[in-house]
K.L.:
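Quick one: structure below, then a few questions.
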Amino acid sequence: MLKNYKILIICILLIAFYLFKNFFTENMISGNYVSNNQQSLADGPSFGDTLKIYNDNRFESQTWGNGKYKLDHSLKGTEIELTYKYEFGSAGYGMNISRSFFGKPRISISSDLEYYFEKVD
C-alpha cells in the first residue's frame, strides 16, 4: 500500500512540474523580453530585439511593431500567436512559451537554433 502512495506522489509531482513549465496566463507572461539570437531571421527578430507584452492582449516589438496576441493552450503547452499589420496587410507569428524550473519564461523564436525571447522584468 505504501508503494502505491509513493508512485502516486511521484506522478502528481511530475504532472505539477509539467504544468509549471508549460502553461501560462496573460498575467504570467506580461512584461519585457529581449531576444538572444545572434543573427537576423528572415521573418523574425534581430539580435537584441525587444518584445513588450501587455495584459490586455497587446504587444509592441521592434520587428513587428504594434499588434495583438492570443494564447493557445494544448497538451504541448502554451503557444503565443502574434498578429500585426505590415505593408501587404496582416501577418502572424507563432511561438511556444516555456521555462526551466528556476528560470523566467522564454518565448521560443527558433527551437533548432535555440533562439528565444527571455523575460527581463
Side-chain angles (χ1 to χ4, degrees):
M1 194 67 160
L2 185 60
K3 185 177 180 180
N4 290 339
Y5 283 125
K6 288 180 182 178
I7 292 172
L8 180 64
I9 289 172
I10 290 171
C11 289
I12 289 172
L13 288 174
L14 289 174
I15 291 170
F17 176 70
Y18 177 77
L19 293 174
F20 175 79
K21 184 177 181 215
N22 292 302
F23 290 92
F24 298 88
T25 64
E26 283 85 0
N27 290 335
M28 295 167 76
I29 66 160
S30 65
N32 296 317
Y33 293 79
V34 176
S35 68
N36 77 329
N37 52 322
Q38 301 301 313
Q39 61 189 20
S40 296
L41 301 173
D43 61 344
S46 56
F47 177 73
D49 189 9
T50 59
L51 175 64
K52 294 179 184 177
I53 297 179
Y54 301 102
N55 285 336
D56 60 355
N57 293 349
R58 292 182 309 113
F59 76 89
E60 291 178 23
S61 168
Q62 293 168 330
T63 300
W64 301 298
N66 298 329
K68 296 194 175 276
Y69 72 87
K70 183 177 85 167
L71 295 180
D72 293 321
H73 303 282
S74 70
L75 289 177
K76 295 189 311 184
T78 303
E79 183 176 297
I80 185 169
E81 178 72 33
L82 306 178
T83 305
Y84 57 94
K85 297 200 182 298
Y86 76 120
E87 59 196 34
F88 299 113
S90 293
Y93 200 87
M95 299 174 282
N96 292 321
I97 306 172
S98 66
R99 69 175 151 209
S100 63
F101 190 68
F102 293 108
K104 295 180 180 181
R106 288 183 176 179
I107 301 174
S108 177
I109 301 166
S110 171
S111 58
D112 293 337
L113 298 172
E114 294 185 17
Y115 291 166
Y116 53 84
F117 283 106
E118 185 165 32
K119 191 171 186 178
V120 291
D121 67 5

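Along the sequence shown, residues are numbered consecutively beginning with 1.
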K.L.:
How close do Tyr69 and Phe59 get, heavy atom to heavy atom, and via which atoms?
P.N.:
N-CD2, 4.2 Å
K.L.:
Would you mind listing the cluster partners of Val34? Hydrophobic ones only (ILVMFWY), side-chain contacts under 4.5 Å, chaining allowed.
P.N.:
Val120
K.L.:
Measure across Phe23 and Met28 and return the closest heavy-atom pair with its distance rounded to 0.1 Å.
P.N.:
O-CE, 3.8 Å
K.L.:
I need the Asp56 CG to Lys68 NZ distance, nearest 0.5 Å.
P.N.:
7.0 Å
K.L.:
With a 3.5 Å cut-off and sequence neighbours excluded, list the donor-acceptor pairs that the side chains of residues 82-99 form with protein atoms.
P.N.:
residue: Arg99; atom: NE; partner: Phe20; partner atom: O; Å: 2.8
residue: Arg99; atom: NH2; partner: Phe20; partner atom: O; Å: 2.7

K.L.:
Closer than 3.5 angstrom, by distance alone: can the side chain of Gln62 be matched with the main-chain N or O of Thr50 as a donor-acceptor pair?
P.N.:
yes
K.L.:
If you round to the nearest 0.5 Å, how far is CD1 of Ile10 from OH of Tyr5?
P.N.:
15.0 Å
K.L.:
Report the residue from Lys52, Glu60, Glu118 that forms a side-chain contact (heavy atoms from CB on, under 4.5 Å) with Asn32.
P.N.:
Lys52
K.L.:
Please walk me through it: do Leu71 and Glu26 pass side chain to side chain contact (heavy atoms under 4.5 Å, CB included)?
P.N.:
CA-CA 8 Å; Leu71 295 180; Glu26 283 85 0; 3.9 Å; yes
K.L.:
Identify each donor-acceptor pair in which a side-chain atom of residues 101-116 lies under 3.5 Å from a protein atom, sequence neighbours left out, and give them as a table.
P.N.:
residue: Arg106; atom: NH2; partner: Tyr116; partner atom: OH; Å: 3.3
residue: Ser110; atom: OG; partner: Leu113; partner atom: N; Å: 3.4

K.L.:
Taking all atoms of both residues into account, what is the closest heavy-atom pair of His73 and Thr78, and its distance?
P.N.:
ND1-OG1, 3.2 Å
K.L.:
Is it true that the side chains of Asn37 and Ser35 contain a donor and an acceptor less than 3.5 Å apart?
P.N.:
yes
K.L.:
So, Asn55 versus Ser30: side-chain donor-acceptor pair below 3.5 Å or not?
P.N.:
yes
